[in-house]
S.K.: 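I'd like to ask some things about the structure below.
Numbered from 1 within each chain, the chains take letters A, B, ... in sequence-line order. This structure is a prediction, so every number in the text was calculated from the model and none was measured.
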Amino acid sequence: MPVVTKETADLVVRSFADYHIFGLDLETTGLNPYTGAKLFSLIISTADEDYYFNFDGTPDHLGNLAPYNTVLPLRLLPYIITALKGGTVFIHNAKFDQKFLLVEEVLALNSCRVICTYALGRLVNNLLISYSLDALGKLIGYEKDDSVEKYITKHKLYTKVDVGKKSPRKDKHYNLVPFDIISNYGMRDGRVCYELGIYILTRLEEMSEEQIKLGLLPLMPVVEREIELTPVLLDMEHTGIKINRAYTREAYEYQKDQYQEIEQKFYALTGLDFEDGRKTLTAAFKKMGLEHGYTEKGNPSFKDELLPDNTLGNLIRDWRHSYKLATTYYKNFLDIADDNDVIHCNFKQGGTSTGRFSCSEPNLQNVPKHGEDSNKYPVRSCFIPREDYFFLMVDYDQMEYRLLLDLAGEEEIINKIKGGLDVHTATAEEMDVDRFAAKTLNFMLLYGGGAQKLANALGTNLQDAKAKKNKYFRTLTKVKSIVNALINTVDRRGFVTNRFGRRLQKPVEGSYKIPNHFIQGGCGDIVKIAMVEVAKLLRPYKSRMLLQIHDELLIELHKDEKHLVPKIVKAMQGAYKEISLPLTAGTDYSNTNWYDKEPYNEK
DNA sequence: GAACAACGCACC
DNA sequence: AAACGGTGCGTTGTTC
């Protein structure tokens, strides 16, 4: 396992011309390249060897330096990466490594076929517990190597950073780990990446063949699309979304004042220091002589719907509201934004079992909308378009229901929708109930809910709920049969494939979940197709996608490129052409922020 | 002191 | 027989 030296570097790099497949890994000083973390080594694995390129000439925590002749100048980086040109490069969580290269202005991976083993691992089996390199490596016989993590913990090679939360953030310093340990660890990860990539691709091709033999759609187009999506997501994240720092800070201070004031009131009322936990709240209710609810397990429960509508209950409610906004949103945004006030989130390409993305650091897919709950500082107002740009938000109309109706072939309802009715109203008309009941029933169906939950949601008794459910399936007979067919298939075969060839495994102890997975995943695939198309469309322009929120795209559109709007909408609406009812999308825009939006057509 | 479960709440 | 789906992240509280 060779560490590359000044003497061998040139020879090693030139030998890459003999290979077409590589594993790649980086070691970095921290996790966020936009707030100062740097790469300090590069590992390239070929079929025959693992090479460790070290760029770190600084001492480890013991004061020791890497051997002098192993310290390469960082300017070699483009030269090394360029040598991979045209090759296939397996990287676990590829966007992470690519961002570190991008901030060093190394673009050479663009001319490679980068394959993210995290994204593709999810396609091999969508229901694994973990898709970490350790977990996936185990599938091909590599035991977990936690030597570096252990070393960091043992020698406390981390800094605790106070970010205003109750628990400080721990920044680990991988560059302080002794050279022998980090280099061997790195080269092993490069090897695992390489072998894992080969394994995953082989397995996916087998699975695809298997699906074809069963008369199902092939898997490989899904695989190919995920590969195409990696650079699309990378662009989105690297561009990032700008925040209004002054506004966000003001909002944070305001909400902090709010919840601190509530803490004072709580103390005055109960004589207790406020904590949002069972102990304190139970004591507070006891002191006030008030009743509270219980969880299913019989523990005291203080969740919103069980909190009484009295002074104490409302104090807790208001505290939580302010505290949530202050910490999860405003404070987190301030902390995570870079020096240009830009937030670079992480769209996790293998983040869900159904095929959606998830989003983290921060999660920009759960930013409050503030419908009924008024807020002096709407959270979405934190996000602003850059100079000469405006926000364009395009979201699909009732996407999941439409896909379900299409899948089932419920012609009567489909015709009503084609005639201009909204999905829930059409359902309501068809089965002769009010719109609210129809909408609730549609929801229940999509989530596999039972009669009891339906009764709760409708505010009726169990019997009535059962009757409504029966009526629903008596009317929407085709929906009923497709739901049953999916459950039967997954029970018999252990998996189903959706309309795009994506494979969904049988949920453990819960085949009833499969219709939901099927529809949710189908929508995920449609949006992914749309994103690839929109990315292609925007490539020659300044306008760019910033966020995906499941059925919605947030695009930063340049003011000179308004002619692109209809093309974007068309690309989205046409992402699933075989659908038997229109897949429409609504368009809003904003010149100011993500909250204050207006319909685009009325402009 | 760290790791884990449970809870609670923001989104689609 | 019934089962409300998919996330991320902050907290408290328990356990080792």
Side-chain angles (χ1 to χ4, degrees), chain A residues 126-127 149 153-154 156 158 160 163-167 169-170 274-282 293-297 299-307 316-317 319-329 331-332 336 345-348 350-371 373 375 379-380 395-396 398-401 404 440-458 462 465-466 469 487 504 507-521 523-524 527 547-552:
Chain A
N126 68 313
L127 292 181
E149 290 297 324
T153 307
K154 187 177 171 190
K156 295 196 165 36
Y158 49 77
K160 288 184 176 177
V163 287
K165 294 174 199 169
K166 298 253 162 128
S167 54
R169 191 184 70 210
K170 244 188 210 177
F274 184 81
E275 280 207 66
D276 189 12
R278 282 195 292 278
K279 279 186 178 172
T280 301
L281 296 185
T282 307
Y294 290 88
T295 64
E296 283 183 13
K297 288 181 178 172
N299 296 322
S301 173
F302 300 95
K303 67 167 129 174
D304 195 75
E305 68 205 68
L306 294 181
L307 279 177
I316 296 167
R317 243 188 285 275
W319 183 91
R320 281 181 184 158
H321 185 69
S322 289
Y323 196 76
K324 177 83 174 167
L325 295 176
T327 56
T328 304
Y329 300 107
K331 187 71 183 78
N332 206 15
I336 216 160
C345 68
N346 173 28
F347 284 105
K348 293 161 85 168
T352 74
S353 53
T354 56
R356 279 182 175 178
F357 299 132
S358 70
C359 181
S360 66
E361 303 152 275
N363 182 359
L364 295 182
Q365 289 181 323
N366 74 346
V367 180
K369 288 160 68 95
H370 302 300
D373 66 324
N375 182 3
V379 183
R380 292 195 176 196
D395 67 312
Y396 287 102
Q398 305 130 340
M399 193 182 199
E400 293 194 319
Y401 305 106
L404 175 68
T440 310
L441 280 157
N442 276 333
F443 253 106
M444 284 298 122
L445 166 72
L446 229 41
Y447 295 155
Q452 185 55 60
K453 296 283 180 187
L454 178 63
N456 296 346
L458 286 173
L462 190 59
K466 276 183 180 164
K469 199 175 168 187
I487 293 172
L504 300 157
V508 182
E509 300 293 319
S511 298
Y512 74 94
K513 292 177 181 173
I514 205 68
N516 174 268
H517 290 192
F518 194 93
I519 298 297
Q520 193 186 116
C523 291
V527 181
L547 301 178
Q548 185 250 46
I549 307 101
H550 307 305
D551 64 350
E552 174 186 354

S.K.: Report yes or no: do Glu275(A) and Thr280(A) form a side-chain donor-acceptor pair below 3.5 Å?
M.R.: no
S.K.: For Lys170(A), answer base if it contacts any base atom (sugar-phosphate contacts may also be present), sugar-phosphate if it contacts only those atoms, and nothing otherwise; contact means non-hydrogen atoms under 4.0 Å.
M.R.: sugar-phosphate
S.K.: Output the rounded distance in Å from CZ (Arg320(A)) to P (dT12(C)).
M.R.: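 Going from CZ in Arg320(A) over to P in dT12(C) covers 12 Å.
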S.K.: Between dT7(C), dC11(B), dC9(B), spot the one nearest the side chain of Asn366(A), thanks.
M.R.: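 Shortest atom-to-atom distance from the side chain points to dC11(B).
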S.K.: Measure the distance from CD on Glu275(A) to P on dG10(C) and round it to the nearest whole Å.
M.R.: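 These atoms are roughly 17 Å apart.
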S.K.: Taking only the side-chain heavy atoms of Ser353(A) (C-beta and beyond), determine which of dA2(C), dA3(C), dG6(C) contains the nearest atom.
M.R.: dG6(C)
S.K.: Can you tell me if the side-chain N/O atoms of Thr328(A) get under 4.0 Å from OP1 or OP2 in dC9(C)?
M.R.: no
S.K.: So which nucleotide from dG13(C), dC11(B), dT7(C) ends up closest to the side chain of Asn363(A)?
M.R.: dT7(C)
S.K.: Nearest to the side chain of Asn516(A), which nucleotide is it out of dG8(C), dA10(B), dG5(C)?
M.R.: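 Within the option list, the nearest is dG5(C).
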S.K.: Could you tell me whether Ala451(A) contacts a base, only the sugar-phosphate backbone, or nothing, with contacts defined as non-hydrogen atoms closer than 4.0 Å?
M.R.: sugar-phosphate
S.K.: Within the 4.0 Å heavy-atom criterion, would you say Glu552(A) contacts the bases, only the backbone, or no part of the nucleic acid?
M.R.: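 Since no nucleic acid heavy atom lies under 4.0 Å of Glu552(A), the category is nothing.
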S.K.: Minimum heavy-atom separation for Pro362(A) to Asn332(A), with atom names?
M.R.: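 Minimum heavy-atom separation between Pro362(A) and Asn332(A): CB-ND2, 4.0 Å.
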S.K.: Report which part of the nucleic acid Cys359(A) touches: base, sugar-phosphate, or nothing (heavy-atom distance under 4.0 Å, all strands).
M.R.: sugar-phosphate
S.K.: Give the rounded distance in Å between these two atoms: CE of Met399(A) and C1' of dG5(C).
M.R.: 16 Å
S.K.: Only pairs with both distances under 3.5 Å count, Watson-Crick or wobble alike; so what is the partner of dA2(C) in this structure?
M.R.: none
S.K.: Taking only the C1' atom of each, what is the distance from dC4(C) to dC12(B) in whole angstrom?
M.R.: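 dC4(C) and dC12(B) have their C1' atoms separated by 14 Å.
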S.K.: Nearest whole angstrom, please: distance from the P of dG5(C) to the CG of Leu127(A).
M.R.: 14 Å
S.K.: May I ask you to say what Phe302(A) touches in the nucleic acid, namely base, sugar-phosphate or nothing, with a heavy-atom cut-off under 4.0 Å?
M.R.: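 It contacts sugar-phosphate atoms only.
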S.K.: Side-chain N or O of Lys279(A) versus OP1/OP2 of dT14(C): is the shortest distance under 4.0 Å?
M.R.: yes
S.K.: Applying a 4.0 Å non-hydrogen cut-off, can you work out what Glu400(A) is touching in the nucleic acid: base, sugar-phosphate, or nothing?
M.R.: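 Nothing: the residue Glu400(A), judged by heavy atoms under 4.0 Å, touches no strand.
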S.K.: When rounded to the nearest Å, what value does the distance between C1' atoms of dA3(C) and dG8(B) take?
M.R.: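 To the nearest whole Å, 22 Å.
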S.K.: Return the value, rounded to whole Å, for the distance between atom CZ of Arg169(A) and atom P of dC9(C).
M.R.: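 In whole Å, dC9(C) P lies 13 Å from Arg169(A) CZ.
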S.K.: Let me know the distance between CG of Leu307(A) and P of dC9(B), rounded to the nearest Å.
M.R.: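 The answer, rounded to whole Å, is 7 Å.
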S.K.: Roughly how far apart are Lys160(A) NZ and Lys170(A) NZ, rounded to 0.5 Å?
M.R.: 5.5 Å
S.K.: Can you tell me how far apart CD1 (Ile549(A)) and CG (Leu547(A)) are? Round to the nearest 0.5 Å.
M.R.: 5.0 Å
S.K.: By nearest atom, which of the nucleotides dT12(C), dC4(C), dG10(C) is closest to the Lys453(A) side chain?
M.R.: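 Shortest atom-to-atom distance from the side chain points to dC4(C).
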S.K.: Please confirm whether the backbone N or O of Val367(A) pairs with a side-chain atom of Arg380(A), one donor and one acceptor, at under 3.5 Å?
M.R.: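 Between the backbone of Val367(A) and the side chain of Arg380(A) there is a qualifying donor-acceptor contact (under 3.5 Å).
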S.K.: Using the side-chain heavy atoms of Ser360(A), tell me which of these nucleotides is nearest: dC4(C), dC9(C), dG13(C).
M.R.: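 In terms of side-chain proximity for Ser360(A), the closest of dC4(C), dC9(C), dG13(C) is dC9(C).
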S.K.: What contact category does Phe443(A) fall into here, base, sugar-phosphate, or nothing, at under 4.0 angstrom with non-hydrogen atoms?
M.R.: nothing
S.K.: Do the ring planes of His321(A) and His370(A) sit parallel (below 30°), tilted (30 to 60°) or perpendicular (above 60°)?
M.R.: perpendicular
S.K.: Given dG8(C), dG6(C), dA10(B), identify the nucleotide with an atom nearest to the side chain of Lys513(A).
M.R.: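 Closest nucleotide among those given: dG6(C).
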S.K.: Looking at dT14(C), dA3(C), dC7(B), which one has an atom nearest to any side-chain atom of Gln452(A)?
M.R.: dA3(C)
S.K.: Report which part of the nucleic acid Val379(A) touches: base, sugar-phosphate, or nothing (heavy-atom distance under 4.0 Å, all strands).
M.R.: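 Counting heavy atoms under 4.0 Å across all strands, no contact is made by Val379(A).
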S.K.: Does dT7(C) have OP1 or OP2 under 4.0 Å away from a side-chain N or O of His550(A)?
M.R.: no
S.K.: Quick one: are Tyr401(A) and Leu445(A) in side-chain contact, heavy atoms under 4.5 Å?
M.R.: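 A side-chain contact is absent here, since even the closest heavy-atom pair is not under 4.5 Å.
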S.K.: Expressed in angstrom and rounded to an integer, what is the separation of Leu446(A) atom CG from dT7(C) atom P?
M.R.: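 That distance rounds to 15 Å.
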S.K.: Could you check whether Tyr158(A) gets within reach of a base, just the sugar-phosphate, or nothing at all, counting any heavy atom under 4.0 Å?
M.R.: sugar-phosphate
S.K.: Could you work out which one of dC9(C), dG5(C), dC12(B) sits closest to the side chain of Arg380(A)?
M.R.: dC12(B)
S.K.: Does any N or O donor sit under 3.5 Å from an N or O acceptor when you compare the side chain of Arg356(A) with the base of dC12(B)?
M.R.: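 By the distance-only test, yes, there is a pair.
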S.K.: Counting only side-chain nitrogens and oxygens, does Arg278(A) get under 4.0 Å of the OP1 or OP2 atom of dC7(B)?
M.R.: no
S.K.: Within the pair Tyr512(A) and dG5(C), is there a side-chain N or O less than 4.0 Å away from OP1 or OP2?
M.R.: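 Affirmative; the distance criterion is met.
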S.K.: So what does Lys324(A) hit on the nucleic acid, given a heavy-atom distance under 4.0 Å: a base, only sugar-phosphate, or nothing?
M.R.: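 Contact class for Lys324(A): base.
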S.K.: Looking at NE2 of His550(A) and CZ of Phe357(A), how far apart are the two atoms once the value is rounded to the nearest 0.5 Å?
M.R.: 10.5 Å
S.K.: In terms of side-chain heavy atoms of Gln520(A), which of dG6(C), dA3(C), dG8(B) is nearest?
M.R.: dG6(C)
S.K.: Identify the nucleotide, in any strand shown, that forms a Watson-Crick or G-U wobble pair with dT15(C), with both distances under 3.5 Å; if there is none, say none.
M.R.: dA2(B)
S.K.: Whole angstrom is fine here: how far is it from CD in Gln398(A) over to P in dC12(B)?
M.R.: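 Roughly 14 Å, once rounded to whole Å.
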